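Letters go in sequence order (proteins before strands), and every chain restarts at 1. Computed from a prediction, not measured in an experiment: that's the story for all the values here. FYI, side chains are in, hydrogens and waters are out, and symmetry mates aren't considered; it's all heavy atoms of this structure.
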Amino acid sequence: MNILDFNLPLVALLPFAGALLAAYAARFNRLAAAYTSGAVTLATLGLLTPALSLPFSGETLIQSWTWIESIGLHFAFRLDGLALLFALLILVIGLLVIVYARYYLNPKDCMGRFFAYLLMFMGSMLGIVLSENLIQLVIFWELTSITSFLLISYWQHREDARQGARMALAVTGAGGLALLGGVLLLGHIVGSYQLSDVLAAGDVVREHPLYLTTLGLILLGVFTKSAQFPFHFWLPHAMAAPTPVSAYLHSATMVKAGIFLLARFFPVLSGTPEWSWLVGGAGLLTLLIGAYTALFKHDLKGLLAYSTISHLGLITLLFGFGTQMAAVAAIFHIINHATFKASLFMVAGIIDHETGTRDMRKLNGLLKYMPHTAALAIIASAAMAGVPLLNGFLSKEMFFDQAVSASHASASAWMIPVLVTIAGIFSVAYSIRFIHDVFFNGEPIDLPKTPHEPPRFMKVPVDLLVIACLAVGIVPIYTVAPLLDVAVTGTLQSTLPQYSLALWHGFTTPLMMSLIALSVGALVYYRRHSLFAFHERFIAQIDARRYFNALLEALISVTLKITRSFDKGSYQHAAFWVILASVVMGVGGFMTVSAPLFGERALLPVDAVSLLAGLTLVIAAVLTVAWHRRRAVSLIIIGVVGLVVSLAFVKFSAPDLALTQLSVEVVTIVLLLLALYFLPQTTPQETDRLRLGRDALLAIVSGVAMTLLTLMVLTRDFAPISHYFIENSVPGGGGSNVVNVILVDFRGFDTLGEIVVLALAGLGVFAMLQGLKLPAPTHNQEGLAWNSDNHPPIMQTLTRLLLPLMLLVAVFIFLRGHNLPGGGFIAGLIASVALIVQYLANGIDWTKKRLKIDMHWAIGFGLLIAISTGLVSIGLGYPFLTSAFTHLHWPVVGEFEVASAIAFDLGVFLVVVGATVLSLVQLGKLSKASHPAEHSTDSSAEKI
Amino acid sequence: MEILIAAIIGILTATGVFLTLRGHTFPVVLGLTLLAYAVNVFLFAMGRLTSGLPAVINPAQGGYTDPLPQALVLTAIVIAFGMTAFLIVLALKARGELGNDHVDGRTDGDLK
């Protein structure tokens, strides 16, 4: 098996597995989490390595598995040049961030949680960039929203972290929803969700009437994620995250996911005026707003946040130009921005870590305290400003060049180079501020800590990134060129356009623009004080967060109003409306049908006994209601209803049901009697006549509706689907009791589900009664004291004698169940009754001493046996729960049939016994627990 | 006979619904028990009523009743028991935590 057949999904999924590992490792040693994460990242990189050479030789690696064919969902991954570039950025910068974070986090922070989130986030990002299927891409996209929420809110105790995270999630989550819509439309237009098909169908998409809608929805996803105007406001608030998170999310990953999508869909969606206006317009506005605002942020990370917004705008604008050369510049700037911005965030983190503040009004003159860090910061900021010999200069030159080319597009397009230069000026100004304000400009002002250089390895990641900035800036041909080539080819999905990475192109317009930006930028910084005053007075008050919060609050209050108009917090109210709604919908549905109400089927004659039984049931049901306020009486009467129902099952050829109903009836009545002990013995008179009348009316209407519905069905013939079961019961299931064979064989999976529910109910009862103390009544309603007789000896003796007999009956019913009425359910109920009778007659203590089976184990074993029977058939190559049977010849007894289904039925039996006995005995114990004082050996007033 | 069964289902539904809408826990549990009977008999009746033809393979027998609704109802009966047990214990828990047995945890009875 070739590793190139399956390595891509592993690359995306390994970090998720690693997250568990990191969280687990942190239990032993907090640093172990960091090392584990590093190792996982290296391993992921190692898994990717064998595939790295393919895109360079012009191949696109696709690994695809069918998932849900009918909706076009494939589990499919793809590695082309663009995916390769992003995967490398995610992994390499991720690794550096992990090293950095190991030193950044302080001992109070939970390492396991941090690295687990970080790895999950990394996996989600890798999933986005490596996805071949678009729906799968959206799934990973949503995962990045969720994991980034966790990362931003990592310091949960801080309110700003929680709010920032919530805002990021709301904005990017809403965008994700729009993206899903866009992707679904795109898939609809192309007829496939596979990226290969979509990329090849650019013309079809662009000429389709739904193009604009699709583009709009996808761009909503892109702009929210990449913090483009007007959705940029979440990004600065996300700075509440720990700095390694910011360094990762806002340089190479999260916000670049939107940019990645722009690049991914560039061949499909670009090249139309709509694209240029929407993408270019958003990009240009974001570029300007970001660059302008960054200058006025006093918080180091705030400055970097707005600078990030501005650079994202720059990249978006480049894609908006729509030319091939612009795409080259955009990809190049993605790489450069990732390197210098990651290092700048790390520097900000170091400064914060070593001085205790990020406020540039306090931070001054740090050069002499941390010269090494200062050097790194200066180089990285220079790259950000676009100073020659650094990587930022090269891509910014290309950007200016594209802006100049775009200026010929229309009459007013001459503004583009001008506006772009203005953005460049501010970019230079804030870069200078980052350096001058922090490392020069006098002495620090009351810092919380005395600054000094950070630990050696905290600087190593920054060192490496800064070296990359220099290397790319000085010798681009030997460093970044191959990667850039392959990434551009992957983006454009066509041949590479001619471009030059040379440092010197002569005295061109772009160079002039660069020089203007650098010199005027320095001037702007020099004259910053008057600008600051202007900004404080007019602009600083505009806070997008206020509008966002107002919108959010309005939304919450509207939804609350809607909810409250339905849900008044009353069960009675809700139940009434649910029942009324079902009656109205049911009746309404039948109103539309024109067929006659009743069919022609011949009816069975009524005999006197049935009529009598029916009347008994009706009287009992009515009396249950009439006397429902006297609870014990109504409980006894409802027992009559149950008995008549089981008689009806006998009459109409359902012996299994009759047996089940009968034994359930016994257990239910005992259970309700036990519970009734702790509840008031009577229900108070209701005074609300209107409600009584209303409920009675609804009850009568529902009853009549059910009667009519039953008659409508019963007077018509039907074609049952049961012939298969009847014909195959003996040859296929090895049993002649078809009902039991259906339960344990044909529909065994359903039965498995049902015993799981029963097991959960039993355990739920147990859990709820744990530690519950209820006041036990000492007197009944008439004021008589509860009888405190001992357990009556005759009953004791009798039940002890009866136990083996009852168990024998249970075994008998169980064994014959496959061929004659009986089976695990019924046998289980009979056995439960047998055991419960012992508890009732002899008391819990006495019985517990002699019956040492823990009913939890019975439930567990039952489920285990039932499931393993199913697994055995899988193991033998049959579908889950296929039964096998054989005929054994036993001496004396003769031929005997053994079906594997009997093991399954044993599981059913055990679960039924376990859940039933557990519930009832737990209730009985409750009465013991509620009489702590009077109890000793003669557990007298004990009810059970 | 079909009319009798239909009437029984109707009565069980009506009484069940009425009790389910009461304000105290115990009648609600009784009401749901009655509703469970109604639903079980209804489901069972969907296989049509046949007398004396149990679905146990026997060559001497002329035909069989529909076994599928029976299998469904059999588990439904047991599940209904599980639900009743859970519900009544929930009622006890509510009584323990809230000090009354009103379904909404109110102490002012049925005044409202």
Q. In terms of heavy-atom proximity below 4.5 Å to chain A, should B:Leu90 be classed as side chain, backbone, both, or neither?
A. both
Q) Which atoms of B:Leu12 come close to chain A, meaning under 4.5 Å heavy atom to heavy atom: side chain ones, backbone ones, both, or neither? A) side chain
So, does [X] use its side chain to make a donor-acceptor pair with the main chain of [Y] at under 3.5 Å?
X	Y	result
B:Arg22	A:Gln572	no
B:Asp104	A:Tyr571	yes
A:Glu754	B:Ala76	no
B:Arg48	A:Arg716	yes
B:Gln70	A:Val739	no
B:Ser51	A:Lys651	yes

Q. In terms of ring plane angle, is the pair A:Phe652 and B:Phe44 parallel, tilted or perpendicular, where the classes change at 30° and 60°?
A. tilted
Is the closest side-chain heavy-atom distance between [X] and [Y] below 4.5 Å?
X	Y	answer
B:Asn40	A:Val645	no
B:Pro67	A:Ile726	yes
A:Ser634	B:Leu30	yes

Q) Given the options A:Arg629, A:Arg631, A:His628, which has more heavy-atom pairs under 4.5 Å with chain B than any of the others? A) A:Arg631
Q.
Would B:Thr75 and A:Asp750 count as a side-chain contact (heavy atoms from CB on, under 4.5 Å) here? Give the steps.
A. CA-CA 9 Å; B:Thr75 48; A:Asp750 293 354; over 6 Å; no
Q: State the CG-CG distance between B:Leu4 and A:Asp607, to the nearest 0.5 angstrom.
A: 9.5 Å
(Q) Let me confirm one number: the OG-CG distance from A:Ser653 to B:Leu53, rounded to the nearest 0.5 Å. (A) 5.5 Å
